[in-house]
**Student:** 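Sharing a structure, written as C-alpha coordinates. Questions coming.
Each ligand, and each atom within it, is numbered from 1 in the order the structure gives. Remember, predicted model here, so these are calculated numbers, not experimental data. Atoms considered below: every heavy atom in the structure, side chains included; atoms not considered: hydrogens, waters and symmetry mates.
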Amino acid sequence: MKAKAIRIGTHGGPEVITLVEVDVPDPGPDEVRIRQQAIGLNFIDIYYRTGLYSNPLPHGLGFEGAGIVDAVGSNVRFLKEGDRVAYPQGTIGAYSEVRTMPAATVVKLPAKISFEEGAAVMLKGLTVQYLFRQTYRLQGNETILFHAAAGGVGLIACQWAKALGVRLIGTVSSPEKAALAKKHGAWQTIDYSKENFVERVLTLTNGRKLPVVYDGVGKDTWDGSLDCIEPRGLMVSFGNASGAVTGVAVGILAQKGSLFLTRPTLATHIVPRARLEASSEELFDLMLKGKIKVDIEQRYPLAEAARAHADLAARKTVGSTVLVP
Ligand SMILES: NC(=O)c1ccc[n+]([C@@H]2O[C@H](COP(=O)([O-])OP(=O)(O)OC[C@H]3O[C@@H](n4cnc5c(N)ncnc54)[C@H](OP(=O)(O)O)[C@@H]3O)[C@@H](O)[C@H]2O)c1
(Lines give C-alpha, C1' and ligand atoms only; values in the text may rest on other atoms or scores of the structure.)
Protein backbone atom coordinates (compact mmCIF):
# COMPACT_ATOMS: atom_id res chain seq x y z
CA MET A 1 0.00 0.00 0.00
CA LYS A 2 1.22 3.54 -0.78
CA ALA A 3 1.00 6.39 1.72
CA LYS A 4 2.43 9.83 2.33
CA ALA A 5 5.03 9.98 5.09
CA ILE A 6 7.73 12.25 6.43
CA ARG A 7 11.36 11.25 5.85
CA ILE A 8 14.68 12.86 6.71
CA GLY A 9 17.78 12.00 4.69
CA THR A 10 20.18 14.05 6.76
CA HIS A 11 20.28 15.69 10.19
CA GLY A 12 19.61 19.41 10.44
CA GLY A 13 16.97 22.11 10.87
CA PRO A 14 13.28 21.81 10.01
CA GLU A 15 14.21 22.11 6.31
CA VAL A 16 15.45 18.49 6.24
CA ILE A 17 11.86 17.30 6.77
CA THR A 18 10.29 16.14 3.52
CA LEU A 19 6.94 14.58 2.66
CA VAL A 20 7.31 11.61 0.29
CA GLU A 21 5.28 8.67 -0.92
CA VAL A 22 6.33 5.39 0.69
CA ASP A 23 5.37 1.72 0.43
CA VAL A 24 3.72 0.58 3.65
CA PRO A 25 4.31 -3.16 4.11
CA ASP A 26 1.66 -5.68 5.12
CA PRO A 27 2.03 -6.49 8.82
CA GLY A 28 4.45 -9.26 9.82
CA PRO A 29 3.23 -11.92 12.30
CA ASP A 30 3.61 -9.63 15.36
CA GLU A 31 2.66 -6.33 13.71
CA VAL A 32 -0.40 -4.25 12.92
CA ARG A 33 -1.05 -1.71 10.18
CA ILE A 34 -2.72 1.49 11.33
CA ARG A 35 -4.63 4.07 9.28
CA GLN A 36 -3.60 7.10 11.27
CA GLN A 37 -6.06 9.78 12.35
CA ALA A 38 -3.72 12.01 14.38
CA ILE A 39 -0.01 12.14 15.24
CA GLY A 40 1.55 13.59 18.38
CA LEU A 41 4.38 16.15 18.16
CA ASN A 42 7.12 15.78 20.80
CA PHE A 43 10.42 17.40 21.61
CA ILE A 44 12.12 14.02 21.14
CA ASP A 45 11.21 14.32 17.42
CA ILE A 46 13.49 17.37 17.28
CA TYR A 47 16.36 15.40 18.87
CA TYR A 48 16.07 12.73 16.15
CA ARG A 49 15.90 15.39 13.45
CA THR A 50 19.01 17.22 14.68
CA GLY A 51 20.95 14.02 15.42
CA LEU A 52 21.19 14.53 19.22
CA TYR A 53 19.52 11.09 19.32
CA SER A 54 20.33 8.99 16.30
CA ASN A 55 18.93 6.30 14.09
CA PRO A 56 20.40 5.11 10.77
CA LEU A 57 19.45 7.58 7.98
CA PRO A 58 17.24 7.96 6.04
CA HIS A 59 14.34 7.47 8.44
CA GLY A 60 10.87 8.64 9.38
CA LEU A 61 10.08 10.79 12.41
CA GLY A 62 7.66 10.67 15.30
CA PHE A 63 6.66 8.19 17.99
CA GLU A 64 3.13 8.96 19.11
CA GLY A 65 -0.13 8.47 17.25
CA ALA A 66 -3.67 7.16 17.05
CA GLY A 67 -5.78 5.56 14.37
CA ILE A 68 -7.76 2.58 13.16
CA VAL A 69 -6.31 -0.91 12.77
CA ASP A 70 -6.33 -1.79 9.11
CA ALA A 71 -4.59 -5.19 9.08
CA VAL A 72 -3.32 -7.56 11.78
CA GLY A 73 -0.40 -10.03 11.84
CA SER A 74 -1.08 -13.74 12.32
CA ASN A 75 0.21 -13.89 15.93
CA VAL A 76 -1.68 -10.84 17.20
CA ARG A 77 -4.58 -11.84 19.45
CA PHE A 78 -5.40 -8.65 21.36
CA LEU A 79 -6.20 -6.39 18.37
CA LYS A 80 -8.44 -6.78 15.33
CA GLU A 81 -9.23 -4.89 12.15
CA GLY A 82 -11.35 -1.82 12.90
CA ASP A 83 -10.09 -1.32 16.48
CA ARG A 84 -9.48 2.28 17.58
CA VAL A 85 -5.91 2.38 18.93
CA ALA A 86 -3.13 4.66 20.14
CA TYR A 87 0.54 4.23 21.00
CA PRO A 88 3.20 6.18 22.89
CA GLN A 89 6.52 5.02 21.53
CA GLY A 90 7.14 2.03 19.33
CA THR A 91 9.42 2.22 16.34
CA ILE A 92 10.23 5.66 14.92
CA GLY A 93 8.01 6.82 12.01
CA ALA A 94 4.66 8.03 13.33
CA TYR A 95 4.60 10.95 10.86
CA SER A 96 2.74 8.94 8.23
CA GLU A 97 -0.78 8.50 6.87
CA VAL A 98 -0.55 4.74 7.31
CA ARG A 99 2.09 2.71 9.14
CA THR A 100 2.99 -0.83 10.10
CA MET A 101 4.43 -1.31 13.59
CA PRO A 102 4.88 -3.83 16.42
CA ALA A 103 1.47 -4.67 17.90
CA ALA A 104 2.95 -4.97 21.40
CA THR A 105 3.41 -1.18 21.55
CA VAL A 106 -0.23 -0.38 20.70
CA VAL A 107 -3.24 -0.16 23.06
CA LYS A 108 -6.97 0.12 22.46
CA LEU A 109 -8.35 3.62 22.87
CA PRO A 110 -11.47 3.96 25.07
CA ALA A 111 -14.52 5.04 23.04
CA LYS A 112 -14.79 8.36 24.92
CA ILE A 113 -11.22 9.42 24.08
CA SER A 114 -10.83 10.94 20.63
CA PHE A 115 -8.05 10.05 18.18
CA GLU A 116 -6.59 13.53 18.60
CA GLU A 117 -6.58 13.20 22.39
CA GLY A 118 -5.02 9.74 22.10
CA ALA A 119 -2.29 11.00 19.77
CA ALA A 120 -1.60 13.98 22.04
CA VAL A 121 -1.52 12.15 25.35
CA MET A 122 0.10 8.74 25.04
CA LEU A 123 3.80 9.64 25.05
CA LYS A 124 3.40 12.72 27.24
CA GLY A 125 0.85 11.25 29.66
CA LEU A 126 2.71 7.98 30.17
CA THR A 127 5.84 10.02 30.79
CA VAL A 128 4.08 11.85 33.61
CA GLN A 129 2.75 8.49 34.85
CA TYR A 130 6.22 7.02 35.28
CA LEU A 131 7.77 10.28 36.58
CA PHE A 132 5.09 10.71 39.28
CA ARG A 133 4.15 7.09 40.00
CA GLN A 134 7.37 5.16 39.42
CA THR A 135 10.55 7.29 39.35
CA TYR A 136 9.54 9.15 42.52
CA ARG A 137 6.23 7.86 43.75
CA LEU A 138 4.38 10.95 44.88
CA GLN A 139 2.02 10.30 47.78
CA GLY A 140 0.26 13.68 47.91
CA ASN A 141 1.15 16.72 50.00
CA GLU A 142 4.69 17.01 48.57
CA THR A 143 5.92 20.22 46.96
CA ILE A 144 7.79 19.63 43.70
CA LEU A 145 9.42 21.64 40.92
CA PHE A 146 8.50 20.88 37.32
CA HIS A 147 10.22 22.80 34.52
CA ALA A 148 8.43 23.96 31.35
CA ALA A 149 5.07 23.53 33.05
CA ALA A 150 3.03 24.98 30.15
CA GLY A 151 4.45 22.52 27.59
CA GLY A 152 2.96 19.28 26.34
CA VAL A 153 4.26 17.13 29.19
CA GLY A 154 4.01 20.09 31.56
CA LEU A 155 0.25 20.75 31.36
CA ILE A 156 -0.45 17.07 31.96
CA ALA A 157 1.95 17.14 34.93
CA CYS A 158 0.12 20.16 36.41
CA GLN A 159 -3.19 18.29 36.31
CA TRP A 160 -1.78 14.99 37.56
CA ALA A 161 -0.09 16.74 40.49
CA LYS A 162 -3.36 18.47 41.41
CA ALA A 163 -5.19 15.13 41.23
CA LEU A 164 -2.63 13.64 43.65
CA GLY A 165 -2.79 16.59 46.06
CA VAL A 166 0.77 17.63 45.22
CA ARG A 167 1.86 21.30 45.13
CA LEU A 168 3.56 21.74 41.75
CA ILE A 169 5.80 24.75 41.26
CA GLY A 170 6.07 25.19 37.50
CA THR A 171 8.61 27.22 35.57
CA VAL A 172 7.46 29.04 32.41
CA SER A 173 8.80 31.78 30.14
CA SER A 174 5.84 34.17 29.84
CA PRO A 175 2.81 35.49 31.76
CA GLU A 176 0.49 33.68 29.31
CA LYS A 177 2.22 30.37 29.99
CA ALA A 178 2.07 31.06 33.74
CA ALA A 179 -1.69 31.61 33.54
CA LEU A 180 -2.14 28.40 31.57
CA ALA A 181 -0.09 26.32 34.04
CA LYS A 182 -2.07 27.78 36.95
CA LYS A 183 -5.35 27.03 35.18
CA HIS A 184 -4.23 23.42 34.86
CA GLY A 185 -3.48 23.06 38.55
CA ALA A 186 0.04 24.37 39.17
CA TRP A 187 0.27 25.63 42.76
CA GLN A 188 2.79 28.39 41.87
CA THR A 189 4.61 29.44 38.73
CA ILE A 190 8.00 31.06 38.24
CA ASP A 191 8.95 32.93 35.08
CA TYR A 192 12.52 31.64 34.79
CA SER A 193 13.19 34.00 31.86
CA LYS A 194 13.00 36.90 34.34
CA GLU A 195 13.24 35.53 37.88
CA ASN A 196 15.89 33.47 39.68
CA PHE A 197 13.97 30.23 40.13
CA VAL A 198 16.24 28.96 42.92
CA GLU A 199 15.55 32.03 45.04
CA ARG A 200 11.82 31.74 44.43
CA VAL A 201 11.82 28.05 45.40
CA LEU A 202 13.67 28.88 48.62
CA THR A 203 11.09 31.57 49.42
CA LEU A 204 8.13 29.36 48.56
CA THR A 205 9.44 26.54 50.77
CA ASN A 206 10.65 28.73 53.65
CA GLY A 207 14.18 27.59 52.85
CA ARG A 208 13.36 23.91 53.09
CA LYS A 209 13.81 23.05 49.37
CA LEU A 210 12.16 20.10 47.64
CA PRO A 211 12.27 16.29 47.77
CA VAL A 212 12.29 16.01 43.97
CA VAL A 213 12.85 18.16 40.88
CA TYR A 214 11.66 17.09 37.43
CA ASP A 215 13.85 18.75 34.80
CA GLY A 216 13.09 18.34 31.09
CA VAL A 217 14.84 21.59 30.14
CA GLY A 218 18.38 20.25 30.65
CA LYS A 219 21.47 22.39 30.11
CA ASP A 220 20.07 25.79 31.18
CA THR A 221 18.39 24.62 34.39
CA TRP A 222 20.71 21.81 35.58
CA ASP A 223 22.72 23.83 38.12
CA GLY A 224 19.73 25.68 39.53
CA SER A 225 17.69 22.51 39.79
CA LEU A 226 20.32 20.87 42.03
CA ASP A 227 20.15 23.91 44.32
CA CYS A 228 16.40 23.41 44.79
CA ILE A 229 16.69 19.87 46.19
CA GLU A 230 16.78 19.03 49.89
CA PRO A 231 19.52 16.73 51.24
CA ARG A 232 19.15 13.16 49.95
CA GLY A 233 16.48 14.32 47.49
CA LEU A 234 16.11 13.22 43.89
CA MET A 235 17.07 15.00 40.67
CA VAL A 236 15.09 13.65 37.75
CA SER A 237 16.74 14.87 34.54
CA PHE A 238 14.43 13.70 31.78
CA GLY A 239 15.00 15.97 28.78
CA ASN A 240 17.12 18.43 26.84
CA ALA A 241 14.84 21.17 25.52
CA SER A 242 17.65 23.75 26.02
CA GLY A 243 20.47 21.32 25.17
CA ALA A 244 21.92 18.16 26.72
CA VAL A 245 23.51 18.08 30.18
CA THR A 246 27.09 16.97 29.64
CA GLY A 247 30.37 16.81 31.55
CA VAL A 248 28.88 16.32 35.00
CA ALA A 249 31.35 15.41 37.75
CA VAL A 250 29.48 13.09 40.12
CA GLY A 251 31.02 14.80 43.17
CA ILE A 252 28.49 17.59 42.64
CA LEU A 253 25.83 15.27 44.08
CA ALA A 254 27.80 15.04 47.35
CA GLN A 255 28.37 18.81 47.47
CA LYS A 256 24.68 19.56 46.99
CA GLY A 257 23.64 17.23 49.83
CA SER A 258 23.99 13.52 48.98
CA LEU A 259 21.52 13.89 46.13
CA PHE A 260 20.24 11.01 44.03
CA LEU A 261 20.20 11.44 40.25
CA THR A 262 18.31 9.57 37.56
CA ARG A 263 18.07 10.11 33.80
CA PRO A 264 15.02 8.05 32.87
CA THR A 265 13.32 7.45 29.53
CA LEU A 266 9.80 6.31 28.69
CA ALA A 267 11.02 3.42 26.52
CA THR A 268 12.10 1.39 29.55
CA HIS A 269 8.79 1.99 31.34
CA ILE A 270 6.45 0.52 28.71
CA VAL A 271 7.98 -2.95 28.39
CA PRO A 272 6.94 -5.65 28.86
CA ARG A 273 3.47 -4.97 27.45
CA ALA A 274 1.81 -5.46 30.84
CA ARG A 275 3.51 -2.26 32.04
CA LEU A 276 2.22 -0.34 29.01
CA GLU A 277 -1.29 -1.64 29.65
CA ALA A 278 -1.25 -0.84 33.38
CA SER A 279 0.11 2.70 32.87
CA SER A 280 -2.30 3.42 30.01
CA GLU A 281 -5.20 2.26 32.15
CA GLU A 282 -4.19 4.64 34.95
CA LEU A 283 -3.89 7.52 32.46
CA PHE A 284 -7.19 6.77 30.68
CA ASP A 285 -8.95 6.43 34.01
CA LEU A 286 -7.88 9.95 35.05
CA MET A 287 -8.97 11.28 31.65
CA LEU A 288 -12.36 9.59 31.82
CA LYS A 289 -12.90 10.97 35.33
CA GLY A 290 -12.18 14.46 33.94
CA LYS A 291 -9.05 14.93 36.10
CA ILE A 292 -6.78 15.16 33.07
CA LYS A 293 -7.97 17.07 30.02
CA VAL A 294 -5.76 17.05 26.99
CA ASP A 295 -5.36 20.50 25.55
CA ILE A 296 -4.59 20.33 21.87
CA GLU A 297 -3.53 23.89 21.38
CA GLN A 298 -1.95 23.55 17.92
CA ARG A 299 -2.84 21.48 14.85
CA TYR A 300 -0.76 21.29 11.66
CA PRO A 301 -1.33 19.29 8.47
CA LEU A 302 1.19 16.43 8.25
CA ALA A 303 2.69 18.17 5.22
CA GLU A 304 3.58 21.11 7.50
CA ALA A 305 5.54 19.10 10.06
CA ALA A 306 8.57 21.34 9.46
CA ARG A 307 6.61 24.40 10.60
CA ALA A 308 5.43 22.51 13.67
CA HIS A 309 9.06 21.64 14.53
CA ALA A 310 10.14 25.26 14.12
CA ASP A 311 7.35 26.48 16.41
CA LEU A 312 8.05 23.86 19.11
CA ALA A 313 11.78 24.66 19.10
CA ALA A 314 11.04 28.41 19.26
CA ARG A 315 8.88 27.93 22.42
CA LYS A 316 5.83 29.18 20.51
CA THR A 317 3.62 26.20 21.37
CA VAL A 318 1.77 25.48 24.60
CA GLY A 319 0.22 22.20 25.71
CA SER A 320 -0.02 19.44 23.12
CA THR A 321 0.31 19.64 19.36
CA VAL A 322 -0.96 17.19 16.75
CA LEU A 323 -0.18 16.66 13.10
CA VAL A 324 -3.21 15.76 11.02
CA PRO A 325 -2.58 13.29 8.19
N1 LIG B 1 12.69 11.09 29.19
C2 LIG B 1 11.46 10.91 28.79
O3 LIG B 1 10.91 9.82 28.96
C4 LIG B 1 10.72 12.02 28.13
C5 LIG B 1 9.46 11.78 27.57
C6 LIG B 1 8.76 12.88 27.04
C7 LIG B 1 9.32 14.14 27.04
N8 LIG B 1 10.56 14.30 27.56
C9 LIG B 1 11.17 15.64 27.61
O10 LIG B 1 10.28 16.50 28.26
C11 LIG B 1 10.48 17.82 27.78
C12 LIG B 1 9.14 18.38 27.34
O13 LIG B 1 8.72 17.70 26.16
P14 LIG B 1 7.48 18.20 25.30
O15 LIG B 1 7.47 17.41 24.07
O16 LIG B 1 6.27 18.27 26.16
O17 LIG B 1 7.92 19.69 24.92
P18 LIG B 1 7.29 21.07 25.43
O19 LIG B 1 7.42 21.11 26.92
O20 LIG B 1 5.96 21.27 24.83
O21 LIG B 1 8.29 22.11 24.78
C22 LIG B 1 9.52 22.37 25.39
C23 LIG B 1 9.45 23.56 26.35
O24 LIG B 1 10.71 23.66 27.00
C25 LIG B 1 10.91 24.99 27.37
N26 LIG B 1 12.27 25.41 27.03
C27 LIG B 1 13.19 25.88 27.90
N28 LIG B 1 14.31 26.22 27.28
C29 LIG B 1 14.12 25.98 25.96
C30 LIG B 1 14.92 26.16 24.81
N31 LIG B 1 16.18 26.64 24.89
N32 LIG B 1 14.42 25.82 23.61
C33 LIG B 1 13.18 25.32 23.51
N34 LIG B 1 12.36 25.12 24.57
C35 LIG B 1 12.82 25.46 25.79
C36 LIG B 1 9.87 25.84 26.63
O37 LIG B 1 8.89 26.25 27.60
P38 LIG B 1 9.07 27.74 28.25
O39 LIG B 1 9.00 28.69 27.09
O40 LIG B 1 7.97 27.88 29.21
O41 LIG B 1 10.44 27.74 28.88
C42 LIG B 1 9.26 24.88 25.63
O43 LIG B 1 7.92 25.18 25.35
C44 LIG B 1 11.50 17.71 26.66
O45 LIG B 1 12.79 17.96 27.15
C46 LIG B 1 11.40 16.26 26.27
O47 LIG B 1 12.57 15.78 25.67
C48 LIG B 1 11.26 13.27 28.09
**Student:** Could you check atom 30 (C) of ligand 1 against the protein and tell me its nearest heavy-atom contact, residue, atom and distance included?
**Tutor:**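 The protein heavy atom lying closest is A241 O, 3.4 Å.
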
**Student:** Who's the nearest protein heavy-atom neighbour of atom 11 (C) of ligand 1, and how far?
**Tutor:**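 Answer, as residue, atom name and distance: G216 O, 3.9 Å.
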
**Student:** So which heavy atom in the protein is nearest atom 19 (O) of ligand 1, and how far is it from that ligand atom?
**Tutor:**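 Result: G151 CA, 3.4 Å.
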
**Student:** Starting from atom 26 (N) of ligand 1, locate the nearest protein heavy atom and write down its residue, its atom name and how far away it is, to 0.1 Å.
**Tutor:**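 Minimum-distance protein heavy atom for atom 26 (N) of ligand 1 reads R315 NE, 3.8 Å.
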
**Student:** Strictly below 4.0 Å, N to O, side chains only: are E117 and K293 in salt-bridge contact?
**Tutor:**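 No, no charged N to carboxylate O under 4.0 Å.
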
**Student:** Looking at R133 and E282, is there a salt bridge between them, counting it only when a charged N and a carboxylate O are closer than 4.0 Å?
**Tutor:**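 A salt bridge links E282 with R133.
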
**Student:** Between A267 and ligand 1, which residue portion shows a heavy-atom distance shorter than 4.0 Å: side chain, backbone, both, or neither?
**Tutor:**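 For A267, no heavy atom sits under 4.0 Å from ligand 1.
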
**Student:** Counting heavy atoms only, which of F238, Y47, Y214 is nearest atom 44 (C) of ligand 1?
**Tutor:**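 That would be Y47.
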
**Student:** Looking only at protein heavy atoms, identify the closest one to atom 37 (O) of ligand 1 and say how far it is in Å.
**Tutor:**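 Of every protein heavy atom, K177 NZ, 3.6 Å lies nearest to atom 37 (O) of ligand 1.
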
**Student:** Test your reading of the structure: does L312 have an N or O sitting under 3.5 Å from an N or O of ligand 1?
**Tutor:**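 In this structure, L312 places no N or O atom under 3.5 Å from an N or O of ligand 1.
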
**Student:** Name the closest protein heavy atom to atom 5 (C) of ligand 1, giving the residue it belongs to and the distance to 0.1 Å.
**Tutor:**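 Checked against all protein heavy atoms, atom 5 (C) of ligand 1 sits closest to T127 OG1, 3.1 Å.
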
**Student:** Does any N/O atom on D220 come nearer than 3.5 Å to any N/O atom on ligand 1?
**Tutor:**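 For ligand 1, there is no N or O atom that lies under 3.5 Å from one belonging to D220.
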
**Student:** Might you confirm whether atom NZ of K316 has over 12 heavy atoms from other residues, nucleotides or ligands at distances under 6.0 Å?
**Tutor:**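 At most 12 heavy atoms, drawn from other residues, nucleotides or ligands, come within 6.0 Å of this atom.
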
**Student:** Return the closest protein heavy atom for atom 20 (O) of ligand 1 as residue, atom name and distance.
**Tutor:**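 Residue, atom and distance for the closest contact: G152 N, 2.9 Å.
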
**Student:** Short list, please: which atoms of ligand 1 are under 4.0 Å from a heavy atom of R263?
**Tutor:**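 Every atom of ligand 1 under 4.0 Å from some heavy atom of R263: 1 (N).
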
**Student:** Between the candidates G40, G239, A313, S173, which shows the shortest non-hydrogen contact distance to atom 33 (C) of ligand 1?
**Tutor:**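 Considering heavy atoms of G40, G239, A313, S173, the nearest to atom 33 (C) of ligand 1 sits in A313.
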
**Student:** Taking N or O atoms only and a 3.5 Å limit, does G319 qualify as a polar contact for ligand 1?
**Tutor:**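 There is no such contact.
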
**Student:** Nearest to atom 16 (O) of ligand 1 by heavy atom, L41, V153, L131: which?
**Tutor:**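 Answer by nearest heavy atom: V153.
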
**Student:** Report yes if P264 has an N/O atom closer than 3.5 Å to an N/O atom of ligand 1; otherwise report no.
**Tutor:**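 Checking ligand 1 against P264, an N or O pair does fall under 3.5 Å apart.
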
**Student:** Note the single closest protein heavy atom to atom 41 (O) of ligand 1, along with its residue, its atom name and the distance in Å.
**Tutor:**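 Protein heavy atom at minimum distance: Y192 OH, 2.4 Å.
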
**Student:** Should you measure from each heavy atom of S242, which atoms of ligand 1 turn up under 4.0 Å away?
**Tutor:**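 Near S242, meaning under 4.0 Å from one of its heavy atoms, ligand 1 has 28 (N), 30 (C), 31 (N).
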
**Student:** With respect to L266, determine whether any N or O atom, backbone or side chain, lies less than 3.5 Å from an N or O atom of ligand 1.
**Tutor:**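 N/O-N/O distance under 3.5 Å: yes.
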
